[in-house]
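Count residues from 1 along the sequence.
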Amino acid sequence: MADNFDSLPHDVLELVVGLLSPVDLVMLSITSKELCGIVSTSRRWEVLSRQRWPLCCFDNPGVPSGRDYVSYQQLYVRRMGMAGFPAATDLLHTVTEAARHKSSSSSARPVAPAVSFKARQSTMTELLTSAVQQASRLHLCVLASPQLRRCPDYTVVMADVAWWLEEQPNALLAHARDACGDENEGAGFDELVGSLPMLRHMVAFCMPGTPLVHQSTMNRLARDICGQA
């Protein structure tokens, strides 16, 4: 059966492969060396990746950019084993890029459509709130699965968190103070401190410091947000 399938014209094989599910693609790839080569280079993996993670950066056709994945097949297969980590990574990256775009003195740098839309529709406060929420979610994912630190997406998370800590520390501190401000006097304890654990989670990505974040910034954030000396 595999020999007969291999004898089909290449364009017909590509058409068939383009209709298969991820599981069928994997099963087909182990039937023969020739089919493995066709499946591994099929554009089907890029289509599946875009459908499942629409916010992932897809600047270059054929090879995912902004990550260390060598192919869309590798991206899809590895990300499928990370539960909610990839989606949260992509949302954090989108809101960070949107914030970077809004805060830049020059908005001429081309950005992805999703980033441009987010930048137009959201205030910096909204972008910051979303970034803190996603960073907290990612931190909890890493606590549950420490091996996520070795995945290519983790470096993207680190860079995005570092940008907020280094470029927007005052906004982060204001966010923390607002959570405990006088206007929240009537709120319950759980509501009052609800956002503070998220901020601690965000800072934890770069504690005790990384080359991406100046140590003086980390010290200030650790003191004012985390309550460390």
My understanding is that only residues two or more places apart in sequence, or in another chain, count here; which of them pass side chain to side chain contact (heavy atoms under 4.5 Å, CB included) with Glu167? Trp163
Between Glu126 and Thr123, is any pair of side-chain heavy atoms under 4.5 Å apart? yes
Residues in side chain to side chain contact (heavy atoms under 4.5 Å, CB included) with Leu15, at least two apart? none
Just to verify, what does Tyr76 make a ring pair (Phe, Tyr, Trp, His ring centres under 6.0 Å) with, not counting sequence neighbours? Trp45, Trp53
Do Val95 and Gln134 have side chains that approach each other closer than 4.5 Å (heavy atoms only, starting at C-beta)? no
Heavy-atom side-chain contact between Tyr69 and Asp153 under 4.5 Å: yes
Going by the rule side chain to side chain contact (heavy atoms under 4.5 Å, CB included), which residues pair with Ala171 if we only count those two or more places apart in sequence or in a different chain? Leu128, Gln168
Can you check whether His93 reaches Glu97 side chain to side chain, under 4.5 Å on heavy atoms? yes
Met124 atom CE, neighbour heavy-atom count above 12 within 6.0 Å: yes
Any residue meeting side chain to side chain contact (heavy atoms under 4.5 Å, CB included) with Arg120, in chain and number order, not counting sequence neighbours: Ser116, Phe117
Check Ser42 against Val17 and note the closest heavy-atom contact, atom names and distance. OG-CG1, 3.2 Å
Hey, could you give me the OG1/CE distance between Thr89 and Met82, rounded to the nearest 0.5 Å? 8.0 Å
Under the salt bridge (Lys or Arg N to Asp or Glu O under 4.0 Å) criterion, do Asp24 and Arg44 qualify, and how do the steps go? CA-CA 12 Å; Asp24 290 334; Arg44 178 64 174 161; over 6 Å; no
Among Ser49, Pro152, Cys56, the one residue meeting side-chain contact (heavy atoms from CB on, under 4.5 Å) with Arg79: Cys56
How would you list, by chain and number, every residue that makes a side chain to side chain donor-acceptor pair (under 3.5 Å) with Thr96, sequence neighbours excluded? Trp164
Each residue besides Leu140 in its hydrophobic cluster should be listed here, by chain and number; the cluster joins Ile, Leu, Val, Met, Phe, Trp and Tyr at side-chain heavy-atom distances under 4.5 Å. Leu143
Residues which pass side chain to side chain donor-acceptor pair (under 3.5 Å) with Ser136, listed by chain and number, not counting sequence neighbours: His201
Please report the closest heavy-atom contact between Val115 and Ala98, naming both atoms and the distance. CG1-N, 3.6 Å
Rounding to 0.5 Å, atoms NZ (Lys118) and NZ (Lys102) come to a distance of 12.0 Å
What distance do Gln73 atom CD and Leu48 atom CG have between them, rounded to the nearest 0.5 Å? 11.0 Å
How long is the gap from CG on Leu28 to SG on Cys36, to the nearest 0.5 Å? 9.5 Å
